[in-house]
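First up is the structure itself, then whatever we jot down about it.
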Amino acid sequence: MRRQVPADITTSTLSQGTPFYTSTLNRAAELRSDAKFLEEAIDSSRAKAAPVWEGKSLISEGAAALPLLRDVISEGPIATEDLIFLGLADNGDPIFAVEIPTQEMAAQVEDLSSEARFAQLRAEGPSLAMQQAALLGLARSMVLWSAGQRFCGACGAATAPYRAGHARKCTGAECSRRCYPRLDPAIIVQTICGDFCLLGHNKRWVDGRYSLLAGFAE
């Protein structure tokens, strides 16, 4: 069935950038094994947190909410070794992804920023600045990956964070297997005809929400 899409959705609008992809964050991979740097960064008054609770990201007044890391840690039982170092902001501030373990703590973290709330990034991301959407998307993906790798797939022993959260290492004495975030090849296609493009709409989505055509590659 053909649907009438909003008149302002054209190729010129979509060419401005892609949420979750456009990022200026310095990933600083060389610092992930620098214990001294990580200790100082976590204790820094400039360190920021990108909290994730039940797959939801912290949004405040149409922007990414990045409260001070020390304030988030003070609200609940967060072990420093579970923090995931995402990288350095344009001004050099270290940013860490933080998994919020309970609903009670999530409510406390929401109070750290004005009008903040945890929301689904897939719905809120397109309305955020491109760099902010990319940062929150990275934080969410790393937290969810880490939460799903608590135990070794080879021997069943518990795993522990490694390389500032960008890997996990089996604690089994005879295993020590390391695992890393999985990369799944996927494509997203913009099919255009003049000033128009082909968009899809899932019947489960809210009215007015459309998407380019995308899928995983075998």
Side-chain angles (χ1 to χ4, degrees), residues 17-33 38 41-42 47-60 63-67 69 72-73 78-90 93-102 105-106 109-110 116-153 159-169 177-188 202 205 209 211-212 214-218:
T18 305
F20 313 121
Y21 175 77
T22 305
S23 175
T24 59
L25 180 72
N26 178 0
R27 300 290 291 274
E30 71 280 4
L31 297 176
R32 295 172 187 169
S33 298
L38 292 172
I42 292 172
K48 301 297 195 304
V52 179
W53 171 62
E54 293 189 345
K56 300 177 182 179
S57 303
L58 192 63
I59 309 293
S60 175
L66 300 174
L69 178 64
V72 173
I73 293 177
I78 303 293
T80 56
E81 58 266 25
D82 289 331
L83 301 176
I84 302 174
F85 174 60
L86 299 180
L88 302 173
D90 291 342
D93 290 352
I95 303 177
F96 292 83
V98 184
E99 181 181 11
I100 305 302
T102 66
M105 184 177 175
V109 171
E110 287 178 332
R117 60 188 174 85
F118 281 98
Q120 292 291 351
L121 194 54
R122 177 168 291 187
E124 300 289 339
S127 64
L128 302 176
M130 298 296 178
Q131 293 82 359
Q132 294 183 355
L135 174 62
L136 296 188
L138 173 62
R140 179 180 184 274
S141 64
M142 290 302 300
V143 165
L144 293 182
W145 170 79
S146 184
Q149 301 294 324
R150 303 295 192 192
F151 298 93
C152 177
T159 62
Y162 177 68
R163 287 185 55 79
H166 287 264
R168 295 189 71 89
K169 186 175 181 180
R177 181 173 180 265
R178 298 171 185 176
C179 59
Y180 299 86
R182 189 179 70 185
L183 297 178
D184 294 317
I187 60 170
I188 186 164
N202 190 307
W205 294 352
R209 178 181 173 187
S211 171
L212 296 177
F216 292 103
E218 292 289 342

Pairwise salt bridge (charged side-chain N to carboxylate O under 4.0 Å, His left out) hits with a residue in residues 178-187, at least two apart
Arg182-Asp184
Just wondering, do Leu58 and Val52 contact through their side chains at under 4.5 Å, heavy atoms?
no
Do Leu135 and Gln132 have side chains that get closer than 4.5 Å, going by heavy atoms?
no
For Phe96, check ring-ring contact (aromatic ring centres under 6.0 Å, His included) against everything at least two apart and list the hits.
Phe85
Does His166 reach the side chain of Met142, with side-chain heavy atoms less than 4.5 Å apart?
yes
Taking only residues at least two apart or on different chains, which pairs with a member in residues 142-153 satisfy side chain to side chain donor-acceptor pair (under 3.5 Å)?
Glu99-Arg150, Ser146-Arg168
Heavy-atom pair of closest approach, residues Ala89 and Leu25:
N-CD1, 4.0 Å
Only counting residues at least two apart or in another chain, list the ones meeting salt bridge (charged side-chain N to carboxylate O under 4.0 Å, His left out) with Glu124.
Arg117
Got a second to check how far Ile59's CD1 is from Glu110's CD, nearest 0.5 Å?
11.0 Å
So, for Ala50 and Leu136, which heavy atoms are closest and what is the spacing to 0.1 Å?
CB-CD2, 4.5 Å
Leu31 vs Leu88 side-chain heavy atoms within contact, under 4.5 Å:
yes
State, to 0.1 Å, how close Pro51 and Ala65 come at their nearest heavy-atom pair, and which atoms those are.
CD-O, 4.1 Å
Might you point out which heavy atoms bring Leu38 and Arg32 nearest each other, and give the distance in Å?
CD1-O, 3.4 Å
What residue among Asp93, Val98, Ile95 forms side chain to side chain contact (heavy atoms under 4.5 Å, CB included) with Leu69?
Val98
NZ-SG distance between Lys169 and Cys152, expressed to the nearest 0.5 angstrom
12.0 Å
Under the side chain to side chain contact (heavy atoms under 4.5 Å, CB included) test, residues paired with Asp82 that sit two or more places apart
Ala79, Pro161
Side chains of Ser33 and Tyr162: does their closest heavy-atom pair fall under 4.5 Å?
no
Met105 and Val72: side-chain contact (heavy atoms from CB on, under 4.5 Å), yes or no, with the steps?
CA-CA 9 Å; Met105 184 177 175; Val72 173; 4.3 Å; yes
Could you give the distance from CD1 (Ile100) to CD (Glu54), rounded to the nearest 0.5 Å?
11.5 Å
Output all residues satisfying ring-ring contact (aromatic ring centres under 6.0 Å, His included) with Trp53, sequence neighbours left out; order by chain, then residue number.
Phe118
Could you grab the distance from atom CD1 of Ile84 to atom CG of Leu138, nearest 0.5 Å is fine?
9.0 Å
Around atom CZ of Arg122, are there more than 12 heavy atoms from other residues, nucleotides or ligands closer than 6.0 Å?
no
Tightest non-hydrogen contact, residues Ile78 and Pro101, listed as CD1-CD, 3.7 Å
In Å and rounded to the nearest 0.5 Å, what is the CG to NZ distance from Leu86 to Lys48?
13.5 Å
Do Lys56 and Arg140 touch side chain to side chain, with heavy atoms closer than 4.5 Å?
no
